[in-house]
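This report concerns only the one structure given below.
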Amino acid sequence: MKYPFQKIEKKWQAYWQKNRINQAVFSKDKPKYYLLEMFPYPSGKLHMGHVRNYTIGDVLARFKKMQGYNVLHPMGYDAFGQPAENAAIKNKADPAKWTKQCIDWMREEMQQMGFSYDWDREVATYLPEYYKWNQWIFLKMFEKGLAYKKESLVNWCSSCQTTLANEEVIDGGCWRCHTKVEQKDLEQWFLKITDFAQRLLDDLKFLKNWPSRVITMQENWIGKSIGVEIYFRLCDKGGRPTDKIIPVFTTRQDTIFGATYIVLAPEHPLIKEIIKGLPQENKVLEFIEKVSKETKTIRTAADVKKEGVFSGAYAVNPVNNEKIPIWVADYVLMEYGTGAIMAVPTHDQRDFLFAKEHNLPMRIVIQNPDEPNLKVEDLTCAYEGEGNQVNSSQFNGMHTSQSKEKIADWMSANPPKWIGPASPKASAEASEISHDKSHGDLSERRREIMGKKTTHWRLRDWLISRQRYWGTPIPIIYCDKCGIVAAPEEDLPVLLPQKVAITGKGGSPLSKVEKFINCKCPKCKSNARRETDTMATFFDSSWYFLRFCSPKYAKGVFDKEEVSYWMPVDQYVGGIEHAILHLLYSRFFTKFFNDLGLLGFSEPFIRLLTQGMVLKEGEVMSKSKGNVVDPDIIIKKYGTDTLRLYIIFAAPPEDQMDWNERAIEGSWRFLNRVWNLIENYEFKGNDSSSSEDKESKDLRQKTHLTIKNVTDDLAKDFHLNTAISSIMELVNAIYVVLSKNNNNKSSDLAVKEAIKTVILLLAPFAPHLSEEMWQRIGNKGSIFKESWPKFDSNAIKQDTITFIIQVNGKVRATMELPVDIDEEKLKATALAESNVEKWVKDKTIKKVIIVPKKLVNIVVG
RNA sequence: GGGCAAGUGGUGGAAUGGCAUACACGAUGGACUUAAAAUCCAUUGGCCGCAAGGCUGUGAGGGUUCGACUCCCUCCUUGCCCACCA
């Protein structure tokens, strides 16, 4: 008989809603458990990726609930963003209406999946009651100097007509539409995430329950390098050192004596000044012009030949007063370090290739201990390894493992070996060399030293301005008299105007809405203008997990007491694609709130599970490939529980899973087998007396072993797929007993216990079926009010064990023997076994290894 | 170029130092059926053998160990992340 999933699923979904089974109530009586899945972008339709993500989360949430935790399991919508705006342009619809419609559809689909969300806590980021707090947070950051406006080269997507954060540029393209990203000079709002770089890096060590690859990805992204900023001095046309300084950053200060030229990035602000009036001027300008036309992707492709030109100018190396030429080349990037490098062709492969190409001088300063007395003429590539210093003045003979530190200290503490004008004073001109304050503060730079130990970060400040309509308005006002002024807190939210013409072209749509733009300056009351950019939507999602704790709280961004109870999130489940973006931003926001004194912790997510993608025949499901499997169709055919079970069973949660239309039949068959356990078996009636026959005992043992295995799998390492295998094994064992006994009452008690256990263990995976069966075997109320079964250690205890008998490590027999058999007897029994005897006779027994309760290995020679 | 994963039957996968391939899909054979579907039963890594049993087998090669899918070294392959990062 097939189980009637249509009826059952509707029935229990209605029951859960009516009885508020999933409502999370603030209560300190029970331990809390906050389980969160990454909220979706409301596209209007759940795809298999969502189904997998939310099923994994739901299994864990329901399991924790049955274990007696007070579970918070909320859901919401990341509702601002370009897709809705683009859909609105396409359909000539209002993005707000469109978004609301999509949310309604998605909510219905999620309810149809039977996910145990507390729907009273639903949040949607496009609602003023939510984005008001985005604006509040922004103002707090502005107040603390963490939100600032700056003109700089930024990533620009011509297709999306907006700027992008560094984290949103993937392989040189826009993360949404893959259009090649251009560099544009624009004035934009940034968040100073770089102020948190050290803490974001250090605190990764607390995230013991995050996948190591996410940790590594974040480490790489933050990208700390420790080195030395070395101060080269620019020479005038007569070749004498001036007081202008060119700082270069290196992590290889041990090679400073081998620096034979300097290279500036083509965008370096000092170049034009350096080349003025020199014969090379035009050639250099032409080169800069040429490079500026290349996209970053082309320029940074690894196999491209390095190109460059001599600037005509020279600089002086502070450690030995050596005059070396300044080049301009495309292999040096303005974004990293100081935009200038010292080139050591003998010990850096890029410099080596460039020097060979342009016939630049080389000098060996590190000798490879395995290949000493290397000469420049013999080099076919740079030697980048460790070794002993040569040609390095007082450091000669020292190994790089020591010299690195020694040279850094020496440069930081000693004056440069200038010849020429006396120690130069800090000049305003010189401080313009640095293009970004985060790369080292020139005003503090001491000119009395050769260099300074410095740390550089790959992490850049977070660009949050978007020239789009569908987002949170940045609450800033521009006044001709007062400059940049924060919108007053009492005026929040600065509402996003309705009925705005959106074309997707020609800058921020809000800039054309006179009513929105024109306002009074909060300070001087004269006419002023509002900021027309909106916030990147990653801003919205960087704190939504906090809002869930008190979603309707009107007096502040969140209720401190509720947050201190529920937070941090105990288990977060989501896609690996957010390994950097969302997860880094959320960590940053949490630290910021912690600094404000609003939170008593600085990491938002204790445990993280990144689920794998759902593929079809090895390919990502996508509309363009036409290989999308619609969850709705599967649900209509097999029901939600089958879909949920299959998606968990098919692969471990972290791995990719390949959608297999046929394999889902197995899950469907299994649920029917479970259903038929009570259809075919007379469950009601008096329990017959417990029997001590072997069959009952074995089944009881299997039941309790299954409880142990499933509990471990769910609690420890997310082995959700094997949890289901264990339940399947138990069901198989029940059928074996039933078929043998033909409903013989002697094993009745054990069978009943086993069936009951199956229903309970299956509840997190197949909640509807379990509820129905639980009721049908005579229980009242929801199964989720039941406690998770506990195994009886006596039932698991075995009297006998199958010992493995090996001879020279090869299995020659297995023997069923008492657990507590003593070693001598075990040895004797094993040796007496006929097959073992065959392998042992005529040979000398060298050794017998006994592993208690497991095996005997007889080593013969 | 650097980093991190992973590599097991026809397929998804299990086993984290102790019986390799649990559980499931598929396949083959059988029962039931007029027939099919559904269901149930049996078999299912390869080779040898009537059988008992044996040999072989977890990407390749080496090592540690009484014993290695598991630990170590070298290499190959695939996936992901970062990348002219100085």
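Quick note on labels: first sequence line is chain A, next is B, and so on, each numbered from 1.
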Euclidean distance for C1', B:U77 against B:A14 (whole angstrom): 23 Å
Touch class at under 4.0 angstrom, heavy-atom based, for A:Arg213 against every strand present: sugar-phosphate
Sugar-phosphate, base or nothing in reach of A:Trp839, heavy atoms under 4.0 Å: sugar-phosphate
Where the chi angle of B:G49 falls, syn if within 90° of 0 and anti if not: anti
Length of the CD-P vector between A:Gln611 and B:C80, whole Å: 17 Å
Proximity to the side chain of A:Arg458 - top-ranked nucleotide from B:C85, B:C23, B:C19: B:C85
Length of the CG-C1' vector between A:Asn835 and B:A51, whole Å: 14 Å
Check ion pair A:Lys708-A:Asp712 (N to O, under 4.0 angstrom): yes
Check: A:Tyr331 ring centroid to A:Phe354 ring centroid under 6.0 Å: yes
B:G17 versus B:C80 - spacing of their P atoms, nearest Å: 30 Å
Side chain of A:Val811 (C-beta onward), nearest among B:A20, B:C84, B:C81: B:A20
P spacing across the pair B:G63 / B:C50, given as an integer number of angstrom: 37 Å
Ring centroid separation A:Trp462 to A:Phe538 under 6.0 Å: no
Selected nucleotide, minimal atom distance to A:Phe649 side chain, candidates B:A86, B:C23, B:U39: B:C23
Residue A:Arg669, side-chain heavy atoms: nucleotide from B:C25, B:C82, B:A24 that is nearest: B:C25
Donor on one side chain, acceptor on other, A:Thr194 and A:Asp461, under 3.5 Å: yes
Length of the line joining A:Ile222:CD1 and B:G2:P, which is rounded to integer Å: 23 Å
Per A:Lys810 side chain, nearest of listed nucleotides B:U56, B:G54, B:G2: B:U56
Carboxylate-amine/guanidinium contact A:Glu729 A:Lys702, below 4.0 Å: yes
Rounded distance in Å between the C1' positions of B:G54 and B:A42: 25 Å
Donor-acceptor pair (no angle test) under 3.5 Å: A:Gln806 side chain, B:G18 base: yes
Donor/acceptor link under 3.5 angstrom from A:Asn857 side chain onto base of B:C66: yes
Nearest listed nucleotide, side chain of A:Ile849, among B:C19, B:C82, B:C66: B:C66
Ion pair check, A:Glu386 and A:Lys404, cut-off under 4.0 Å: no
Proximal nucleotide (of B:G13, B:C84, B:C19) relative to the A:Ile804 side chain: B:C19
Any strand: nucleotide that pairs with B:C25 via Watson-Crick or wobble, under 3.5 Å: B:G10
Euclidean distance, atom CG of residue A:Asp717 to atom P of B:U16 [Å, nearest integer]: 11 Å
Nearest-angstrom distance from the residue atom CG of A:Asp351 to C1' of B:C85: 13 Å
Nucleotide paired to B:A5 in any strand shown, Watson-Crick or G-U, under 3.5 Å: B:U78
Spacing between A:Trp457 atom CH2 and B:C82 atom P, to the nearest angstrom: 19 Å
Salt-bridge present (A:Glu833, A:Arg812; N to O < 4.0 Å): no
Nearest-Å distance once atom P is located in both B:C73 and B:A6: 15 Å
Counter-base of B:U64, judged by Watson-Crick or G-U geometry with both distances under 3.5 Å: none
Selected nucleotide, minimal atom distance to A:Glu729 side chain, candidates B:C4, B:G18, B:A22: B:A22
Of A:Thr814 and A:Ile576, the one whose closest RNA chain B nucleotide lies more 5': A:Thr814
Watson-Crick/G-U partner (both atom distances under 3.5 Å) of B:C40: B:G30
Centroid-centroid under 6.0 Å between A:Trp457 and A:Tyr336 rings: no
Complementary nucleotide for B:A15 - Watson-Crick or wobble, under 3.5 Å: none
Touch class at under 4.0 angstrom, heavy-atom based, for A:Pro211 against every strand present: nothing
Spacing of the C1' atoms in B:A36 and B:G12 (rounded, Å): 29 Å
Proximal nucleotide (of B:C82, B:A86, B:C4) relative to the A:Thr251 side chain: B:A86
Opposite nucleotide pairing with B:U70, Watson-Crick or G-U, both atom distances under 3.5 Å: none
A:Arg812 vs B:C19: side-chain N/O to OP1/OP2 distance below 4.0 Å: no
Gap between atoms CD and C1', on A:Glu665 and B:A24 respectively (whole Å): 13 Å
Whichever of A:Asn808 and A:Gly666 has its nearest RNA chain B nucleotide further upstream toward 5': A:Gly666
Interatomic distance where NZ belongs to A:Lys827 and C1' belongs to B:C66 [whole Å]: 14 Å
B:G7 versus B:C69 - spacing of their C1' atoms, nearest Å: 11 Å
Among B:C19, B:A27, B:C84, the nucleotide that comes nearest once only the side chain of A:Arg662 is considered: B:A27
Parallel, tilted or perpendicular: rings of A:Tyr646 and A:Trp659 (30°, 60°): perpendicular
B:U28 and B:G46, which share atom name P, separated by this distance in whole Å: 15 Å
Sugar-phosphate only, base, or nothing, as touched by A:Val859 at under 4.0 Å among non-hydrogen atoms: sugar-phosphate
